[in-house]
Amino acid sequence: MYKKLFITCLVLAVSRAAPVEEPTEVRVSRDAPDAAGDDASATIVAQEQIINGDGSYAYNFETSNGIRANQRSENGINANGEYSYVAPDGVEYRVTYVADEAGFQPMGAHLPVEPPAPEHVIKMLEDLRAANNPEFDIANLDATIARLKATQG
């Protein structure tokens with residue numbers, strides 16, 4: 001019984017110690033139809049993905065109904081990209097984004113924007129920052145103050 005357990009553990013250890021694979025790349029391309037089709041019968045007309053052993057990656061795809069997306073990451077943690085689609089009313093919506101330690105940050109002409117921050121809110125945060133209270137994350141306060149100041153133009 002211990003012999004089977006030992007062999008199983010040995011096989012698992014060897015498989016985990018296998019060298020990191022070289023980057024993989026997949027490309028698919030088909031002729032795109034002239035007009036966007038309906039969603040139920042949409043097909044992939046172009047696809048490309050690159051996955052590297054260090055965690056970096058990139059992908060890109062397009063469907064026959066007008067959906068497009070691409071994303072890239074240099075470290076496998078932070079990413080940036082964009083996607084677009086054609087709405088039922090025929091308008092193309094495009095979103096570009098950054099996803100990092102501050103979260104998912106989308107931008108698009110159709111998305112609402114943060115209104116200008118009131119002066120008293122920024123003043124209150126600056127006072128908290130100046131007090132150097134250890135209960136507050138100074139880096140987070142600095143980032144919040146900068147973001148709110150940017151809303152003021």
Side-chain angles (χ1 to χ4, degrees), residues 5-6 8-29 32 36 39-40 42-153:
L5 180 62
F6 176 75
T8 303
C9 290
L10 182 62
V11 168
L12 286 173
V14 169
S15 67
R16 291 287 186 182
V20 175
E21 294 181 21
E22 290 298 312
T24 59
E25 184 171 337
V26 176
R27 291 177 188 238
V28 176
S29 185
D39 293 340
T43 59
I44 297 173
V45 296
Q47 178 178 357
E48 181 179 4
Q49 60 189 30
I50 300 169
I51 303 169
N52 298 309
D54 64 356
S56 62
Y57 65 88
Y59 72 78
N60 180 33
F61 71 85
E62 180 178 349
T63 63
S64 60
N65 62 347
I67 297 172
R68 293 181 185 92
N70 66 68
Q71 182 171 300
R72 175 176 300 295
S73 175
E74 298 301 322
N75 59 11
I77 299 171
N78 300 327
N80 60 59
E82 71 177 18
Y83 61 89
S84 64
Y85 60 94
V86 178
D89 61 3
V91 175
E92 182 183 54
Y93 292 94
R94 180 176 311 276
V95 175
T96 58
Y97 61 87
V98 173
D100 59 16
E101 58 277 345
F104 180 72
Q105 303 157 56
M107 295 161 280
H110 63 290
L111 297 176
V113 294
E114 187 173 15
E119 282 293 331
H120 70 275
V121 172
I122 294 173
K123 171 88 169 87
M124 179 190 68
L125 292 172
E126 289 174 335
D127 290 346
L128 285 172
R129 170 66 172 95
N132 269 338
N133 187 332
E135 292 182 29
F136 294 106
D137 179 356
I138 300 302
N140 192 17
L141 266 174
D142 287 341
T144 301
I145 291 167
R147 180 180 55 80
L148 293 177
K149 282 184 173 181
T151 67
Q152 294 184 321

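- Atom CD of E92 is separated from atom CZ of R68 by 5.5 Å, given to the nearest 0.5 angstrom.
- Counting heavy atoms from C-beta on, the side chains of L125 and L141 come closer than 4.5 Å.
- Among all heavy-atom pairs drawn from R94 and H110, the shortest one is O-CE1, 3.5 Å.
- Remark: the backbone N or O of Y93 is not paired with any side-chain donor or acceptor of S84 at under 3.5 angstrom.
- No donor-acceptor pair closer than 3.5 Å links the side chain of N52 to the backbone N or O of D54.
- Using bins of under 30°, 30° to 60° and over 60° for the plane-to-plane angle, the ring pair Y97/Y83 lands in the tilted bin.
- Annotation: the span from M124 atom CE to L128 atom CG amounts to 6.0 Å, rounded to 0.5 Å.
- When every heavy atom of Y57 is checked against every heavy atom of A79, the shortest pair comes out as OH-CB, 3.6 Å.
- The CG atom of N140 sits 11.5 Å away from the CD atom of E101 when rounded to the nearest 0.5 Å.
- Contact of the L148 side chain with the E114 side chain is registered, since non-hydrogen atoms from C-beta on lie closer than 4.5 Å.
- Closest approach of P106 to V95, counting heavy atoms only: CB-CG1, 3.8 Å.
- I138 and N132 make their closest contact through CD1-OD1, 4.1 Å (heavy atoms, listed as atom of the first residue, atom of the second, distance).
- Residues Q105 and D100 have side chains that bring a donor and an acceptor to within less than 3.5 angstrom of each other.
- One distance of note links CG of N78 with OG of S73; it measures 6.5 Å at 0.5 Å rounding.
- Going from atom OG1 of T63 over to atom CG of D39 covers 8.0 Å, rounded to the nearest 0.5 Å.
- Considering only heavy atoms from C-beta on, Y59 stays 4.5 Å or farther from I51 through its side chain.
- Counted within 6.0 Å of CZ on R72, heavy atoms from surrounding residues, nucleotides or ligands total 12 or fewer; the atom is thus considered open.
- No donor-acceptor distance shorter than 3.5 angstrom exists from the side chain of T43 to the backbone of S64, with no hydrogens or angles considered.
- A69 and N60 make their closest contact through O-OD1, 3.1 Å (heavy atoms, listed as atom of the first residue, atom of the second, distance).
- Contact check for N65 versus V86: no side-chain heavy atoms found under the 4.5 Å cut-off.
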